[in-house]
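These notes are about the structure you will find just below.
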Amino acid sequence: MPLRATKRGAARTPLSGDADVLICGASFGGLAVARELRGSGARVLVLDRYDVGERQTSACGIPTSWLDALDLRRSLRQTFDELVVHTPHADVRYPLPWSFSTFDYRTLCEDLYAQGDAEFETATVTGRAGETVVTDRGELRAPLIVDALGWRRVLGAGANVQPPEAFLSRGLEVHPGGTGDDLEIWIDRSYIRAGYGWSFPADGELRIGIGSFDPRDHVREPTVQLASDLDADAVRYQGNWIPHKLRPPVQDGVGFVGDSAGHCLPLTAEGIRPALYFGVALGRELRAIVEGRATRNAALARYAGFHAAHLWHFTWMLRVQNLIPRLPPRLLGAGLRSMRARGVLDWAFGHYLEICHPRIVAGETPTLTAPARAPAELSGLASGPRR
Ligand SMILES: Cc1cc2nc3c(=O)[nH]c(=O)nc-3n(C[C@H](O)[C@H](O)[C@H](O)COP(=O)(O)OP(=O)(O)OC[C@H]3O[C@@H](n4cnc5c(N)ncnc54)[C@H](O)[C@@H]3O)c2cc1C
């Protein structure tokens with residue numbers, strides 16, 4: 001059992017008081033919000049049950065341009081210009097129009113935190129009553145509260161929907177030592193009925209895992225199997241539930257960001273850059289409030305509108321997520337092979353990056369529109385089944 005560095009015993013003193021902005025959750029979403037509030041003059045307090053960067057929450061793969069946009073290159077472990085997809089009937093190597101990188105979680109979180117001027121305390125958040133957040137160390141009050149606590153959405157109103165009924169996928173991975181040159185994906189029912197497997201090398205470590213779109217399907221056994229097939233040890237487990245449907249971004253005056261708002265992209269389960277992207281957007285709105293440029297209602301309504309502008313893209317990706325497990329494996333293999341054409345690849349990956357593009361960091365407000373024309377090879381996917 002790994003020993004967590006969370007403050008214990010005498011160091012776990014009671015906590016109370018007021019802040020201008022209380023950010024619950026110190027991972028991608030919460031730290032991006034805090035970064036945007038730097039120099040605003042507000043007292044910003046970030047809470048997490050673990051120290052910053054202490055507990056890795058993903059395979060830590062991201063488009064490299066996001067690391068550059070946020071000046072987080074120090075955390076970069078390994079960069080990939082290609083994606084390799086394995087199916088029972090085809091192995092396809094896609095040259096990517098933009099690169100993907102794995103990074104070190106602790107370094108990224110520490111550097112992102114250092115870009116803000118928020119205070120930090122370890123505390124487990126258990127609930128909220130109005131402007132009071134209840135933690136295991138005491139109660140804290142703030143007029144502006146952010147839930148960046150992940151899929152549990154601890155500060156949401158009412159009873160939270162729990163798996164397996166909730167719109168959640170599940171993911172589990174192991175982190176053996178080892179090296180590799182390829183970013184690899186497996187879409188293969190012999191591993192998982194609906195979902196995919198992955199191996200993300202990270203300079204001396206492999207992050208090998210299985211994600212299931214169906215929360216009822218277990219992922220431990222297939223994860224062990226994939227690791228074994230890759231001659232890797234199933235050690236150092238890391239897993240969690242992953243939302244695959246958007247949830248309300250504002251509720252009862254609280255802003256939700258990242259997994260707590262369902263910002264993880266369906267189909268790929270890429271949730272880091274959406275958490276950063278929506279974190280930047282929410283942080284800017286909170287900054288407008290504390291600087292007196294907007295009322296709380298107006299700013300949070302603008303954030304809700306920004307979130308809603310992405311609904312079409314998230315819905316489209318959820319349809320593809322639901323469709324792919326239903327395709328006969330031979331047809332899937334043929335479809336993946338047909339995507340090798342340069343024009344199709346650039347179109348598909350270009351639009352994919354556009355959904356949560358890092359240009360938001362430089363202050364550009366994305367103008368999201370539904371793609372006007374899909375290449376013929378992809379047009380059938382857009383009308384997949386709903387769930
Ligand atoms: C196995 C696996 C692999 C993945 N790989 C990738 C990947 O390679 N790339 C990618 O883009 N996405 C990946 N994802 C998805 C990604 O991890 C999430 O979408 C992303 O972490 C969401 O960021 P977040 O900041 O919203 O929440 P989280 O990263 O989940 O952070 C939530 C924070 O809140 C804290 N917290 C939770 N509850 C409490 C509480 N009650 N009190 C105090 N603190 C609390 C946690 O300690 C944590 O720091 C993966 C997911 C899984 C499960």
Side-chain angles (χ1 to χ4, degrees), residues 4-6 15 22-34 46-63 66 77 80 100-103 105-106 108-109 112-113 120-128 133-137 140 146-155 160 168-175 183 185 195-202 207-212 215 219-220 223 236-244 247 256-279 282 352 355-356:
R4 311 240 180 262
T6 315
L15 203 55
L22 193 51
I23 301 172
C24 303
S27 187
F28 309 108
L31 294 176
V33 174
V46 180
L47 299 178
D48 199 290
R49 57 188 168 175
Y50 303 120
D51 278 339
V52 174
E54 186 195 329
R55 190 171 187 198
Q56 185 166 331
T57 56
S58 77
C60 296
I62 193 169
W66 262 101
R77 282 274 187 97
F80 308 88
F100 207 79
S101 291
T102 48
F103 61 83
Y105 181 73
R106 181 184 288 274
L108 183 135
C109 288
L112 191 53
Y113 175 62
F120 174 80
E121 290 286 352
T122 49
T124 298
V125 176
T126 53
R128 177 184 63 88
V133 167
V134 183
T135 80
D136 63 338
R137 292 178 61 193
L140 294 153
V146 173
D147 181 331
L149 293 166
W151 68 271
R152 274 196 186 82
R153 201 180 161 88
V154 178
L155 302 184
N160 272 326
L168 295 168
S169 301
R170 66 198 305 179
L172 181 69
E173 62 184 16
V174 290
H175 295 176
L183 189 71
I185 299 282
Y196 67 96
W198 64 87
S199 173
F200 288 5
R207 296 162 185 172
I208 298 171
I210 294 283
S212 171
V219 286
R220 189 182 176 96
T223 300
R236 290 185 285 278
Y237 284 83
Q238 187 275 121
N240 212 340
W241 298 96
I242 311 168
H244 57 236
R247 299 152 153 188
F256 294 81
V257 69
D259 280 4
S260 77
H263 285 148
C264 191
L265 295 169
L267 178 66
T268 58
E270 216 201 319
I272 299 171
R273 72 180 156 110
L276 294 169
Y277 172 87
F278 286 99
L282 177 56
Y352 178 59
I355 298 173
C356 294

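Hydrogens, waters and symmetry mates play no part in the numbers below; they use all other heavy atoms, side chains included. Residues: numbered from 1 along the sequence shown. Source: prediction; values computed, not measured. First listed ligand is number 1; within each ligand, the first listed atom is number 1.
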Nitrogen or oxygen atoms of Gly61 and ligand 1 under 3.5 Å apart: yes
Heteroatom proximity flag, Phe200 to ligand 1, N/O under 3.5 Å: no
Of the listed options Arg49, His263, Arg207, closest to atom 38 (N) of ligand 1 (non-hydrogen atoms): Arg49
Phe256 six-ring face occupied by Arg153 cation (under 6.0 Å, within 45°): yes
N or O contact, Ser27 vs ligand 1, cut-off under 3.5 Å: yes
Short side-chain to backbone donor-acceptor contact, Thr102 and Cys60, under 3.5 Å: no
Contact check, Thr124 vs ligand 1, heavy-atom distance below 4.0 Å: yes
Short N-O contact, Arg106 and Glu54, less than 4.0 angstrom: no
Location of contacts on Thr102 toward ligand 1, heavy atoms closer than 4.0 Å: neither
Contact check, Ile62 vs ligand 1, heavy-atom distance below 4.0 Å: no
Heteroatom distance test (Gly30, ligand 1): nitrogen or oxygen, under 3.5 angstrom: no
Heavy atom of Trp241, distance to ligand 1 below 4.0 Å: no
Ligand 1 to Ala275 polar contact by distance, N or O atoms, under 3.5 Å: no
Proximity flag Ala123 to ligand 1, non-hydrogen atoms under 4.0 Å: yes
Contact with ligand 1 for Arg55, non-hydrogen, under 4.0 angstrom: no
Separation between OG1 of Thr57 and CG of Asn240, rounded to the nearest 0.5 Å: 7.5 Å
N or O pair under 3.5 Å between Asp259 and ligand 1: yes
Region of Ala59 that comes within reach of ligand 1 [heavy atoms, distance under 4.0 Å]: both
From CA spacing to verdict: side chain to side chain donor-acceptor pair (under 3.5 Å), Tyr105, Ser27: CA-CA 9 Å; Tyr105 181 73; Ser27 187; 2.8 Å; yes
Within reach of ligand 1, part of Pro274 (heavy-atom separation under 4.0 Å): neither
Salt bridge (charged side-chain N to carboxylate O under 4.0 Å, His left out) involving Arg273 - partner list, sequence neighbours excluded: Glu270
Sub-4.0 Å heavy-atom contact, Arg152 with ligand 1: no
Ligand 1 contact on Phe28 by region, counting heavy-atom pairs under 4.0 Å: both
Any side-chain donor near an acceptor of the partner, Ser212 and Tyr196, under 3.5 Å: no
Heavy-atom donor-acceptor pair, Arg207 side chain to Ala59 backbone, under 3.5 Å: yes
Contact check, Ala269 vs ligand 1, heavy-atom distance below 4.0 Å: yes
Output field: ring centroids Phe103/Phe200 closer than 6.0 Å: no
Check: Asp136 side chain, Ala123 main-chain N or O, donor-acceptor pair, under 3.5 Å: no
Cys60 and ligand 1 - part of the residue with a heavy-atom distance under 4.0 Å: backbone
With sequence neighbours excluded, residues passing side-chain contact (heavy atoms from CB on, under 4.5 Å) with Val174: Pro176, Ile208, Thr223, Ala227, Ala234, Tyr237
Short side-chain donor-acceptor distance under 3.5 Å, Gln56 and Gln238: no
